[in-house]
Amino acid sequence: MKSIIADINNHDFKRVYLLYGEEGYLRNQYKKRLQEAIIGEDSELNFSHFEGKDTPVNEVISLANTLPFMSEKRLIIIDESGFFKKKNEELAMFMKDIPEETCLIFSEVDVDKRGKLYKEVVKAGTVVEMTVQKPEVLLKWAAGLLKKDNMRIKESTLRLFLSKVGNNMGLIETELEKLICFRGEGAEITPEDVELLTTTQIENHIFQMVDAVASKQKQKAMEKYYELLALKEEPRVILSLLARQFRLLYGTKKLVNGGKNKGVIAKIMGLPPFVVDNYIRQQKGFSAEELREIMEEAADFGKSINVGELDDRVSVELFIVKHTK
């Protein structure tokens with residue numbers, strides 16, 4: 001990450017950046033910083049954005065070969081393409097010939113370091129892994145966010161907050177915003193405030209489990225499930241919360257497909273706008289039909305548990321395995 005900051009400060013950019021790893025918050029933050037530094041106000045004319053596994057390689061290459069209009073650089077951002085998990089000879093070869101006027105930024109959850117595309121990107125530009133941050137790093141970062149709003153908090157209270165929220169930086173920021181709005185700028189956040197307002201750890205784990213299911217990361221989804229079991233959460237409660245999450249995603253999906261904006265979605269679903277942001281992002285990993293089928297299956301698993309046809313612990317495992325194939 002220091003290399004990206006140095007490039008921004010020196011205004012000397014690589015032709016390609018690969019930002020990957022589980023910490024989506026950091027990937028998004030550094031994408032934004034690079035975008036602002038590389039093209040600034042020229043974004044509409046010299047900026048292209050692709051997202052998802054259907055990203056057309058030929059179109060990306062064609063745009064990359066197009067000279068920028070009245071600007072030094074053309075920027076292309078490609079999110080969650082899956083390019084680094086499969087063979088992509090054409091794009092790998094293009095990494096050797098990216099025009100100096102073009103900058104490509106890839107953002108991926110996972111990559112195959114053995115692949116040719118990954119190796120070519122390493123040669124042509126900068127690769128940075130955005131990992132889940134250690135507790136002490138998160139403690140310092142969260143304290144810095146609060147300091148910007150002149151908020152006061154004891155270290156013990158901040159540690160309590162992080163124990164409840166977990167290590168997802170996006171969720172930490174969202175939960176801190178709730179506390180700041182509740183208390184008002186310049187006030188002290190108390191343990192009582194944290195207990196009253198902060199999303200519990202189980203909800204954080206459920207959110208991360210759904211993220212893992214959306215990206216077909218079976219191992220990560222299972223890890224979150226076993227962590228919840230270690231916290232003494234009942235499997236049938238976990239399944240119920242998973243079903244609720246997918247119902248909310250289905251509702252969000254239908255509204256997004258209907259052209260509704262974030263504010264309207266928040267009002268219809270009775271959710272805070274900052275929570276809707278997360279649902280809008282997460283629903284992109286599923287089709288409406290997939291979400292409907294997952295909801296129905298979760299209900300079927302619940303019925304099977306209630307009548308004794310399925311062991312509750314095994315049922316959640318089967319649910320995860322089926323939807324991460």
Side-chain angles (χ1 to χ4, degrees), residues 19 24-25 27-36 39-60 62-63 66 69 74-83 104-109 168-171 173-175 177-178 181 199 203-204 206-216 241-299 323-324:
L19 316 178
Y25 178 90
R27 286 189 283 120
N28 288 332
Q29 290 298 308
Y30 278 89
K31 271 192 307 182
K32 290 177 183 177
R33 293 182 66 175
L34 280 167
Q35 180 177 344
E36 291 170 0
I39 55 174
E41 296 180 355
D42 297 323
S43 57
E44 289 187 12
L45 296 173
N46 298 296
F47 172 64
S48 301
H49 178 237
F50 297 90
E51 184 173 7
K53 292 181 172 59
D54 295 328
T55 297
V57 174
N58 290 340
E59 189 174 342
V60 170
S62 176
L63 280 168
T66 303
F69 181 73
R74 173 174 296 280
L75 175 64
I76 303 172
I77 293 179
I78 305 167
D79 286 322
E80 310 289 344
S81 66
F83 286 161
L104 290 169
I105 300 176
F106 294 96
S107 176
E108 304 285 337
V109 175
N168 183 301
M169 294 178 76
L171 187 58
E173 184 178 56
T174 296
E175 293 298 309
E177 286 175 7
K178 283 165 57 177
C181 291
T199 302
E203 290 169 322
N204 180 33
I206 293 296
F207 193 88
Q208 291 177 355
M209 283 175 70
V210 174
D211 258 349
V213 171
S215 55
K216 305 300 182 185
L241 288 170
L242 278 172
R244 175 182 178 274
Q245 183 81 345
F246 281 108
R247 284 197 300 273
L248 289 168
L249 288 177
Y250 181 71
T252 303
K253 186 82 175 180
K254 297 289 280 186
L255 292 169
V256 168
N257 289 347
K260 306 298 183 186
N261 62 33
K262 180 176 70 174
V264 173
I265 294 172
K267 186 175 181 179
I268 292 174
M269 299 189 67
L271 295 169
F274 53 79
V275 174
V276 172
D277 277 333
N278 290 327
Y279 287 123
I280 289 174
R281 176 185 65 78
Q282 210 171 51
Q283 59 85 28
K284 293 177 182 177
F286 304 90
S287 68
E289 182 63 22
E290 285 175 326
L291 289 170
R292 186 183 63 78
E293 290 177 358
I294 291 172
M295 286 164 49
E296 292 175 354
E297 187 155 278
H323 295 292
T324 51

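Heavy-atom basis, side chains included; hydrogens, waters and symmetry copies ignored.
For Gln282 (side chain) and Ala214 (main-chain N/O), no donor-acceptor pair under 3.5 Å exists by modelled atom type. Not a single donor-acceptor pair under 3.5 Å links the side chain of Ser62 to the backbone N or O of Asn58. Looking only at distances, a side-chain donor or acceptor of Lys253 sits under 3.5 Å from a matching main-chain atom of Gln283. A donor-acceptor pair under 3.5 Å is absent between the side-chain atoms of Glu296 and the main chain of Glu293, judged by distance alone.
Contacts of Ser81 classified as side chain to side chain donor-acceptor pair (under 3.5 Å), with partners at least two apart in sequence or in another chain: Glu108. A search for side-chain contact (heavy atoms from CB on, under 4.5 Å) contacts involving Glu59 returns Phe50, Pro56, Leu63, not counting sequence neighbours.
With respect to Arg292 and Glu289, a salt bridge is recorded, a charged nitrogen being found less than 4.0 Å from a carboxylate O. With salt bridges taken as basic N to acidic carboxylate O contacts below 4.0 Å, one links Glu80 and Arg27.
A cation-pi arrangement, defined by a distance under 6.0 Å to the six-membered ring centre and an angle within 45 degrees of its axis, is absent between Arg247 and Tyr250.
Minimum interatomic distance between Ile105 and Lys31 (heavy atoms only, all atoms of both residues): CG2-CG, 4.0 Å. Ile280 approaches Ile265 most closely through the heavy-atom pair CD1-CD1, 4.2 Å.
Applying the 6.0 Å contact sphere to NZ of Lys216 captures more than 12 heavy atoms from other residues, nucleotides or ligands.
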